[in-house]
Each structure stands twice: as structure tokens, then as C-alpha cells.
Amino acid sequence: MSKVGKIKGFSDLFPPESGKFSLLEAKAREVFGRYGFEELRTPVLEKTELFAKSIGEDTDVVGKEMFTFPDRRGRSMTMRPEATAGVVRAFVDGGAYQPGKVSKYFTFGPMFRYERPQKGRQRQFHQINAEIFGAVEPQADAELILMLRTFLGEIGLDKLAAEINSLGCPECRPGYRKALSEFFAGLDQEKLCEDCRRRKDTNPLRVLDCKVPQCKELVAEAPSITDHLCTDCDEHFRTVRMILDNAGVDYQLNHRLVRGLDYYQRTTFEITSGDIGAQTAVAGGGRYDGLVKTLGGPDVSGTGFACGMERLSLLLEPPEEGGLDFFLAVVDEKAVNQALLFAQQLRSMGFGGNVDFSAGSMKSRLRAANKSGAKLCLIMGGAELEDRTVTIKDMREGGGQETVSRDILLENAQRYFYRNDNQSTQGIR
RNA sequence: GUGGGUGUAGCUCAGUUGGUAGAGCACCUGGUUGUGGCCCAGGUGGUCGAGGGUUCAAGUCCCUUCACUCACCCCA
């Protein structure tokens, strides 16, 4: 029989990798909760037009990277390539808006983009998102960045580089784009790389981001967006930076920091790492005033960010697993049924363990118990079967062994399981 | 969509100028009565990614194809 195999770019998460994801989710819930965010869960499948309207028809994401297909009635559906559009749609759809009220949501789950997989990039990848609606103030942007830094710090990633920029608004960005186009037009075209000769017309901001050394040199002289901001945008950006400075946040201004989604304006930021391959961004976000209105909602501002869980995971050590409380070794096959029932009693009391259904030699069973990492090996064989006892062997360093009646073990379970444990509180469940 | 690299045991990999497969780890069984870890001995396990070709003979050479991987484009 030939195996089916998985879909390209879709991966299975086994332990200990899966443990890292659980840890990320648990930490995000805890930290974001402290900042007043509440969890929102939105569908994985949305109407295609949602992303076309929000992300932008001409972006690469919408143009060539979406999992889009007709449903059974021929309507165009798309597996979400990012979270914000769906969250905004839900916010509008769910009537969550109340004038003057600030809404804060976080969400996590799988996203889908039809790209060639590489390190730190899968076709199904996972993000943790946070969004704030209804706060026009620069303080909201700063709070998000502070929350993100806190989250990253609490999972042990406090050395990551942060970059921020302002992309201006519909008032001032056109002027900058024009200045940039004129700058590129004045250059010796031969010196630009092939991609940039194309990009300078399609998306001039992208040229600022080029990795080719020669382009980087040329671009160093390019006009900076931050010199072309209107008064309001400039004021907004100054305030964000001032708060970050006062909070002691280490960041770099990067006037070449560009977003791939059309809805961003004003503040944008990115957290990067040089240790996870060519894809360096582990988190990114910014302000998207106007998006809610674009999607048919009220004229409410928005700002938020996304973390790439796979990329964060590359930087994490797997969490330590606590071994199970017991391993029930069956040394006589006639004891298997009693063993399972006895384990059931222990489990219903809150203790965790495995029962070894295949009876075998004492040596092989103890080897199995040892590999299981359980604290105690509970042995049941011919002798124990007769007089309703169980032999308790402490598998920890210097542990002893005794045979007691099963009822006595049940009555004094706490003592048996945790007598050598400093963290005895974990036995209270 | 484009380019590079790699496909040999469950895992990580050796495999010499073509002569029909190995190691380490893992797994299983033992090392006298029902006692783990360390050590020792033995054992299970591979149509060498797939298909075709050259040859007396192909893991090794040639062609095709698939998969994985890294990078570009782009992005978290």
C-alpha cells in the first residue's frame, strides 16, 4: 500500500514541537489579558472579496498567494492569508462597534498562503494577532508595541531587534511616492537590479527594501518618508517614539520599512531575528485607519500586529515535560484487567499514568517503566493478584520499594506520589 | 513561477576507480528464581525515492519523474 503523504507546505506538529505552540498560546492569553484584550475566534474560510478589498487587489498576497477556490455553488472562497481582514469583518458583522468605545481583541490560528515553502515559511502557518479598534491616539500604537515586547520577553526572547517607521496617510503619502518616483527616474537605470527596474513603477516603496547590495547603495540617497509626513502624521509618529523612548524600548528607525498589505498607514513596526533563516520577521504590524470603513463599517480607526508562531518557535527551546505519576507494569497477563481498573481509580483521583497492557518479563517491564519517565512503577503480577496488593517501586534517584494493599495506596496516594518532591503542591488537583 | 542542494534501516548518515549494502542511535531478547538506568552479548529491520537506459554486472554512470530542503520573488 502506498502512503498518502501530506500536502506540500502543511506540517504535522509532534511533541516537543507542539509543546512550544501550546506555550506560545498560553503566554499570549496571559499577557494580552493583562492589557485588556479579549479573545475573538473567526473562520478560516472567508469570501474572496474580503481580502481583495482589504489587502489590495494588486498585492502579491492577493494576486498570487491565496488558496482560492469555488465552493459547491460556484462562489469564490479563500482560506484566510492573514487575520486582520477577518477580524475587521467580524467586528463589523457582529455589531461590536459602539461610538466612543475602544475594542481590543486577540486571536490565533492557522493562515494560508500559496508560496514555495522554505525555512520559517509554510503554506499553512500560524499567527497570534492583536487588534485595537476605536483608538486614534498614538498611545494605542505604543501600547501594542509595549505589549508585544512584554510577550516576547516573557517567552524568553528579549534580545530581538525592533524597527519602526511611519508610512504617512492618504494626505501625505502620494506626495512622497511622487518624490520617490522622481528620484528613481533620475538614476542610471542600468545600476538597478532587474526586479527594481520593474518595482520602481509598480510599487516604488518596495525598491527601498531590495537586498541587492548595489540597489541598497543607490537607495541610501533616496528621499525618506519621514521627511514628507504631514503635520498630523509627524505629530503622531513623534508621540509614538517619545513613549517608546520613555519606556526604555530599544528600537531603530527604519525609513525603508515597508508593509506588503495596502491597508497600513502611519505607524508600522517589525520585530526581526537574524537566527531563523532568510525570513527574518517574527512579528509585524501597524495602523490601518480606514480599513473598517472600507469593509462597510463605521469610520473607526484600527491598529494591530501579528506574530508568526513558526518563526517564534524556531527561537524557543521546547518546554520541559513533567513525567507521569505512575507506570503500571503488568508482570502476569492475568492481572491486566485488575491493573486497568486500579489505574482508573488513580486517574479519577487526579494522578496520571500509563498501563502496560502487554505483560512481559520483569526486566522488560521495568525498562519500559524507566523509559516512560514516570515517578513510580506500580507492579502487578501473580503475587499481587492473589492478595489485592501492589508493589510500589520509586523510580527516582535513591527510591525504595514496598508492597502494600491497594486500598492503602489509594488512601495515602499523595504521600506515595510526592514524598520526595519539593513541588508537592502540584499533587493537589 | 525561478535557481541551488539532497533522497541508502524508524532517526542521523557512511558506501572507495561500477562487482548485487554498513555504522551509530532507537527498538526487541538475553546476561538463571519477579527488579529499571550503566555495561556486555545477540537479534529484528532496507524492492538504496520512482521509472527507463548503458553494462556480463548499477546505490555508484546517463535520461525522465517525484519528494524534501534552502534561496529568490514576497511576507509573519
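Below, chain A is the first sequence line, B the second, and so on; all start at residue 1.
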| query | Quick one: is B:U69 close enough that its OP1 or OP2 comes under 4.0 Å of any side-chain N or O from A:Lys8? | reply | no
| query | What distance, rounded to whole Å, do you find between the two P atoms, one in B:A21 and one in B:G5? | reply | 29 Å
| said: Distance check needed: B:U69 C1' versus A:Arg123 CZ, whole Å only. | reply: 14 Å
| query | Taking N and O atoms by type only, does the side chain of A:Arg113 place a donor or acceptor under 3.5 Å from a partner on the base of B:C74? | reply | no
| task | Check every atom of B:A76, B:C72, B:U35 against the side chain of A:Lys393 and return the nucleotide holding the closest atom. | result | B:U35
| query | Applying a 3.5 Å limit to both distances, which nucleotide forms a Watson-Crick or G-U wobble pair with B:G7? | reply | B:C66
| query | Is there a side-chain polar atom (N or O) of A:Gln118 under 4.0 Å from OP1 or OP2 of B:U69? | reply | no
| field | Side-chain H-bond candidate by donor/acceptor type, A:Thr272 with A:Thr280, under 3.5 Å | value | no
| said: Could you tell me how far apart A:Ile276 (CD1) and B:A71 (P) are, to the nearest whole angstrom? | reply: 10 Å
| query | Considering only the C1' atoms, how many Å lie between B:G4 and B:C11, rounded to the nearest integer? | reply | 26 Å
| query | Taking the side chain of A:Ser364 as heavy atoms from C-beta outward, which of B:C74, B:A76, B:U29 is closest to it? | reply | B:U29
| task | Determine the contact category for A:Gly277: base if any of its heavy atoms lies under 4.0 Å from a base atom, sugar-phosphate if only primed atoms, P, OP1 or OP2 are that close, otherwise nothing. | result | sugar-phosphate
| field | Which nucleotide in B:C28, B:U35, B:A76 has an atom nearest any side-chain atom of A:Leu366 | value | B:U35
| query | In the strands shown, is B:G22 matched to any nucleotide by a Watson-Crick or G-U wobble pair with both distances under 3.5 Å, and which? | reply | B:C13
| Between A:Val282 and A:Ser361, which has a closest nucleotide on RNA chain B that is more 5'? | A:Ser361
| task | Return the value, rounded to whole Å, for the distance between atom NZ of A:Lys119 and atom C1' of B:G4. | result | 17 Å
| Proximity to the side chain of A:Asp60 - top-ranked nucleotide from B:A76, B:C74, B:G34 | B:C74
| Rounding to the closest angstrom, what is the interatomic distance between B:G19 and B:U32 at atom C1'? | 48 Å
| request: Just call it for A:Phe125: base, sugar-phosphate, or nothing, with non-hydrogen atoms closer than 4.0 Å on any strand. | output: base
| request: May I ask you to decide if A:Leu316's main-chain N or O and A:Lys20's side chain share a donor-acceptor pair within less than 3.5 Å? | output: yes
| query | How about A:Phe51 and A:Tyr263: are their ring centres within less than 6.0 Å of each other? | reply | no
| said: Can you tell me if A:Arg367 touches the phosphate of B:G37, counting only side-chain N or O atoms and a distance under 4.0 Å to OP1 or OP2? | reply: yes
| message | Counting the benzene-type ring for Trp, do A:Phe417 and A:Phe351 have ring centres under 6.0 Å apart? | response | yes
| A:Gly9 vs A:Ala283, nearer the 5' end of RNA chain B by closest nucleotide | A:Gly9
| Opposite nucleotide pairing with B:C39, Watson-Crick or G-U, both atom distances under 3.5 Å | B:G31
| At under 4.0 Å between heavy atoms, what does A:Ile271 touch on the DNA or RNA strands: base, sugar-phosphate, or nothing? | nothing
| said: What's the gap between B:U60 and B:G15 when it is taken at their P atoms, as a whole Å value? | reply: 14 Å
| note | For A:Thr389, the side-chain hydrogen bond (donor to acceptor under 3.5 Å, both in side chains) test, sequence neighbours excluded, returns A:Asp387
| task | Mark yes or no for a side-chain to base donor-acceptor pair under 3.5 Å between A:Gln401 and B:G34, with no hydrogen or angle criteria applied. | result | no
| task | Tell me whether the OP1 or OP2 atom of B:C72 has a side-chain N or O from A:Gln279 closer than 4.0 Å. | result | yes
| message | Once you apply a heavy-atom cut-off of 4.0 Å, does A:Ala369 come out as touching a base, just sugar-phosphate, or nothing? | response | nothing
| field | Near-ring test A:His126/A:Phe21, centroid separation under 6.0 angstrom | value | yes
| task | Determine the Euclidean distance between corresponding P atoms of B:G34 and B:C38; express it in Å to zero decimal places. | result | 23 Å
| remark: Out of B:G31, B:G37, B:A76, minimum distance to the side chain of A:Glu270 belongs to B:A76
| task | Report the distance from atom CG of A:Leu257 to atom P of B:A76, rounded to the nearest whole Å. | result | 10 Å
| field | A:Phe37 and A:Tyr105 aromatic centres sub-6.0 Å | value | no
| request: Specify the separation, in whole Å, of atom CZ of A:Arg365 and atom P of B:U35. | output: 14 Å
| message | Check A:Glu154 with A:Arg34, please: is the shortest side-chain N to carboxylate O separation under 4.0 Å? | response | yes
| query | How is A:Ala383 classified with respect to the nucleic acid when contacts are heavy atoms under 4.0 Å: base, sugar-phosphate, or nothing? | reply | base
| task | For A:Asp245 and A:Tyr251, test the side chains for any donor-to-acceptor distance below 3.5 angstrom and give the result as yes or no. | result | yes
| query | Say you pick atom P in B:G24 and the same atom in B:U44; how far apart are they, in whole Å? | reply | 15 Å
| said: Nearest whole Å is fine: how far is B:U2 P from A:Glu115 CD? | reply: 16 Å
| Atom C1', compared across B:U16 and B:C70: separation rounded to whole Å | 29 Å
| query | Counting side-chain heavy atoms from C-beta on, which of B:A76, B:A71, B:G34 comes nearest to A:Met362? | reply | B:G34
| task | Report the distance from atom CG of A:Asn370 to atom C1' of B:G36, rounded to the nearest whole Å. | result | 5 Å
| said: Tell me the interatomic distance from A:Arg116, atom CZ, to B:G3, atom C1', rounded to whole angstroms. | reply: 9 Å
| task | Could you check which nucleotide pairs with B:A76 in any of the strands shown, counting Watson-Crick or G-U wobble with both distances under 3.5 Å? | result | none
| What interatomic distance, in whole Å, is found between C1' of B:C27 and the corresponding atom of B:A9? | 12 Å
| request: Counting Watson-Crick and G-U wobble pairs only, both distances under 3.5 Å, name the nucleotide matched with B:C61, or none. | output: B:G53
| said: Does a side-chain N or O of A:Lys371 approach OP1 or OP2 of B:C28 to a distance below 4.0 Å, or not? | reply: yes
